[in-house]
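The block underneath contains the structure these notes are about, expressed in structure tokens.
One-based numbering, in listed order, for ligands and for the atoms of each. As a basis for the values below, the full set of heavy atoms in this structure was taken, side chains included, without hydrogen atoms, waters or symmetry mates.
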Amino acid sequence: MLIKLDHIGIAVNSLEEALPFFRDCLGMNLIKIEVVEAQRVRVAFLSLGSETIELIEGTDEQSPIRKFIAKKGEGIHHLCFQVPNLEKSLKELKRKGVRLVDEIPRQGAAGARVAFLHPASSHGVLIELKEEKG
Ligand code: ZN
């Protein structure tokens, strides 16, 4: 079902405060910064070899990221896996009794379609599934 780990998402208070550590201290490459209106976040993608880290900042008080940080503090927020066919994966997981946050795919960064699985079904890990565009 899964192709590969796409990225690890890290919730941060501010991209401007977090970038000096991940980019300048650890030496990761900043690929791009993007606002994802639908999810009320601004994200920065950093790469290291073939691995990608996504830093996520909430853009307003209603942002799930702000709520996450208020509850748990900054830190690892989710793992994202690539799948070949998002609808098919969601249908299959639902059939197997997995609790979904998104029954219908939503718009993610870079035009990709994504959906989240509920951490209650995945041992406390929020999992994002992503189907690459085109
Ligand atoms: Zn993500």
On a heavy-atom basis, the closest approach of S121 and R99 is OG-N, 2.7 Å
Restricting E54 to its N/O/S atoms, the closest one to the Zn ion (ligand 1) is OE1
Quiz prompt | same_hphob_cluster(L86, L117) at 4.5 Å side-chain heavy-atom cutoff | solution = yes
Paired with L46, the side-chain contact (heavy atoms from CB on, under 4.5 Å) test is passed by just one of E54, R23, E51, namely R23
(Q) So that I can check it, does any N, O or S atom in H7 come closer than 2.8 Å to the Zn ion (ligand 1)? (A) yes
Which atom of E128 is nearest the Zn ion (ligand 1), counting N, O or S only? It is OE1
Any Lys/Arg nitrogen of E37 or R42 sitting under 4.0 Å from an Asp/Glu carboxylate oxygen of the other?
no
Metal site the Zn ion (ligand 1): N/O/S of H78 inside 2.8 Å:
yes
